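One structure below.
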Amino acid sequence: MKRRSISRLFAALLAMAMILCVGAISFAAKVRCPVCRQVFDEKVKVCPDDGTDLTLSGQVVEEESKKDGPEPEAIEESPYDDEEEDGGSGKYKRHDLGGDRRRIEAEEGPVYSDRYRRVGEERRSPEAAAERRKKAREKRKTEFDEEDTGLKSEFEDNRRNMWRRRRQRAYDDKAKAQDVAYLEWLSLWGRGAPIASLGARVSWMGEGSDPGFISGPEIDINILRKEIRLGLSTTIGFRTLPDRTDMIFMEHISAGIQLPWRFSPYLIAKVGLGPLASNRFGNDLTYLVRALGAESGLDCRVTRSLVITPSVGYVRYVVDDAYWNSFTAKISVGF
């Protein structure tokens, strides 16, 4: 009894599984190839006729129920049916089985294209292409104009800077020339006494009816040479008398004022002291001579380093209790 129940139960389960499999097979989805229009099971991934990828391009077709669906239409004979001598069926024949490739005629009306979907309608016409080319030319022209403007501006800046440097250089050269001219002017017109000079001086120390003419060289050294003039001088003079010749050696110190210029006038006071060597009545005698006087002259600057100075003055010589008031003159060349 138990064995019969188990057998019946197993048979019932097997029947139900077969019914479910048949139902699943009957309701499985179908896929239509868009090229050859053949319908295949959804498990078929590539069309065996033309190689179309059915997973991307295949059209899903659901099988209609026989009870509710419309009656199947009569299949019209294709105009491309084969008319071979061996009595072919006239249906589509794969080209790898001897069939010919056939071109699909374009259907009338608008044809869908993914390219037209991605490209806007306004970009498809020739006018749109011409407009794009025009805009590209205008963009290139704008970029060229901007670059050209920048180059012109840079050129103008460089040119202005070059002229500015040239004017600055000319101004600097002029200033240097003026400085040189000013230095030359100072060397000629802005200086006073020379540093040193060598000249000849004359004066008198009379004896009896003889004037006692004194002449000899004199060396001057100027310590201050601008508005204040201070210097030292050494004189070696020879006093000429009818019966003898005396020699005088004197050191002077001078101080005064002057006007620095190319022709520089000055006024100084001089004080001197030195020995006078004489031979009287066959005896060699030496006297101490003191000198006090004033002098005025003019330093004439010929070049920057050459000065000619004429001068005149008054001097009073004193020897013991005797004195002489004398006129003095000098001409010297200074450096």
Side-chain angles (χ1 to χ4, degrees), residues 192-261 263-302 306-335:
I195 297 175
S197 63
L198 175 64
R201 181 179 292 279
V202 296
S203 60
W204 288 267
M205 290 178 63
E207 185 174 322
S209 61
D210 193 280
F213 183 72
I214 302 174
S215 62
E218 184 174 276
I219 298 175
D220 296 313
I221 295 177
N222 298 304
I223 301 173
L224 300 179
R225 302 184 299 123
K226 293 294 184 178
E227 288 79 5
I228 302 299
R229 186 181 180 118
L230 177 65
L232 301 173
S233 62
T234 301
T235 304
I236 302 176
F238 298 93
R239 181 186 181 197
T240 305
L241 295 171
D243 56 348
R244 68 183 188 276
T245 300
D246 298 337
M247 185 177 68
I248 300 176
F249 180 82
M250 296 192 70
E251 286 290 336
H252 295 84
I253 182 171
S254 61
I257 59 174
Q258 72 177 20
L259 177 63
W261 197 36
F263 302 98
S264 179
Y266 67 89
L267 177 63
I268 58 175
K270 298 185 68 175
V271 176
L273 182 67
L276 184 149
S278 178
N279 188 335
R280 301 184 68 181
F281 309 110
N283 297 321
D284 294 332
L285 303 173
T286 301
Y287 301 96
L288 181 63
V289 180
R290 302 181 298 274
L292 178 64
E295 182 177 312
S296 177
L298 184 66
D299 291 325
C300 302
R301 191 170 296 277
V302 180
L306 181 63
V307 181
I308 297 176
T309 305
S311 64
V312 295
Y314 163 80
V315 61
R316 181 184 177 93
Y317 294 111
V318 179
V319 178
D320 293 337
D321 295 332
Y323 61 92
W324 294 264
N325 295 320
S326 174
F327 171 81
T328 182
K330 184 183 73 170
I331 182 75
S332 62
V333 178
F335 306 94

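This is a predicted model, so every value here is computed, not measured. As a basis for the values below, the full set of heavy atoms in this structure was taken, side chains included, without hydrogen atoms, waters or symmetry mates.
Among all heavy-atom pairs drawn from Leu298 and Pro265, the shortest one is CD1-N, 3.5 Å. The two residues Gly212 and Leu241 make their nearest non-hydrogen contact at CA-CD2, 3.8 Å. Between Arg290 and Met250, the closest heavy-atom pair is C-CE, 4.3 Å. When all heavy atoms are compared, the tightest approach of Leu230 to Ala255 is CD1-CB, 3.9 Å. Of all heavy-atom pairs between Glu227 and Pro260, the closest is OE2-CG, 3.8 Å.
The distance from the OG atom of Ser326 to the CZ atom of Arg316 is 12.0 Å, given to the nearest 0.5 Å. Summarising the geometry, atom CD1 belonging to Ile219 is positioned 6.0 Å from atom CG belonging to Leu198; distances are rounded to the nearest 0.5 Å. Between atom CG of residue Asn279 and atom CG of residue Asp284 there is a gap of 4.5 Å, rounded to the nearest 0.5 Å. The structure places CG of Leu276 at 4.5 Å from CD1 of Ile248, a figure rounded to the nearest 0.5 Å. Rounded to the nearest 0.5 Å, atoms CG (Leu292) and OH (Tyr323) are 14.0 Å apart. Note: Phe249 CZ to Phe238 CZ = 11.5 Å, rounded to the nearest 0.5 Å.
Heavy atoms from other residues, nucleotides or ligands lying under 6.0 Å from CD1 of Ile221 number 12 at most. A 6.0 Å sphere centred on CZ of Phe263 holds more than 12 heavy atoms belonging to other residues, nucleotides or ligands. Within a 6.0 Å sphere centred on CG of Leu273, other residues, nucleotides and ligands contribute more than 12 heavy atoms. Taking a 6.0 Å sphere around CD1 of Ile257, one finds it holds 12 or fewer heavy atoms contributed by other residues, nucleotides or ligands.
At least one donor-acceptor pair under 3.5 Å links the side chain of Asn222 to the backbone N or O of Pro194. With Ser254 contributing its side chain and Ser233 its backbone, the two residues share no donor-acceptor pair below 3.5 Å. At least one donor-acceptor pair closer than 3.5 Å links the side chain of Trp324 to the backbone N or O of Gly206. Distance alone, capped at 3.5 Å, is enough to place a donor-acceptor pair between the Thr328 side chain and the Val202 backbone.
Residues passing the side-chain hydrogen bond (donor to acceptor under 3.5 Å, both in side chains) test with Thr234 are Glu251, sequence neighbours excluded. Every salt bridge (charged side-chain N to carboxylate O under 4.0 Å, His left out) that Glu207 has, sequence neighbours left out, goes to Arg239, Arg244.
Side-chain atoms of Met205 and Val319, non-hydrogen and from C-beta on, do get closer than 4.5 Å to each other. No side-chain heavy atom of Arg225 sits less than 4.5 Å from a side-chain heavy atom of Tyr266. Side-chain contact between Phe213 and Ser203: absent, with no pair of heavy atoms (C-beta onward) separated by less than 4.5 Å.
With hydrogens and angles left out, the side-chain atoms of Ser264 and Arg301 include no donor and acceptor closer than 3.5 Å.
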Pair Arg229, Leu224 - check side-chain contact (heavy atoms from CB on, under 4.5 Å), show working. CA-CA 5 Å; Arg229 186 181 180 118; Leu224 300 179; 5.9 Å; no
Pair Glu218-Ile236, side-chain contact (heavy atoms from CB on, under 4.5 Å): steps then yes or no: CA-CA 6 Å; Glu218 184 174 276; Ile236 302 176; over 6 Å; no
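Using a cut-off of 4.0 Å between Lys/Arg side-chain N and Asp/Glu carboxylate O, Arg280 and Asp243 are scored as not salt-bridged.
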Considering only distance and modelled atom types, tabulate donor-acceptor pairs under 3.5 Å from the side chains of residues 306-315, sequence neighbours left out.
unit_1, atom_1, unit_2, atom_2, d
Thr309, OG1, Asp299, OD1, 2.5
Ser311, OG, Glu295, OE2, 2.9
Tyr314, OH, Asn325, OD1, 2.7

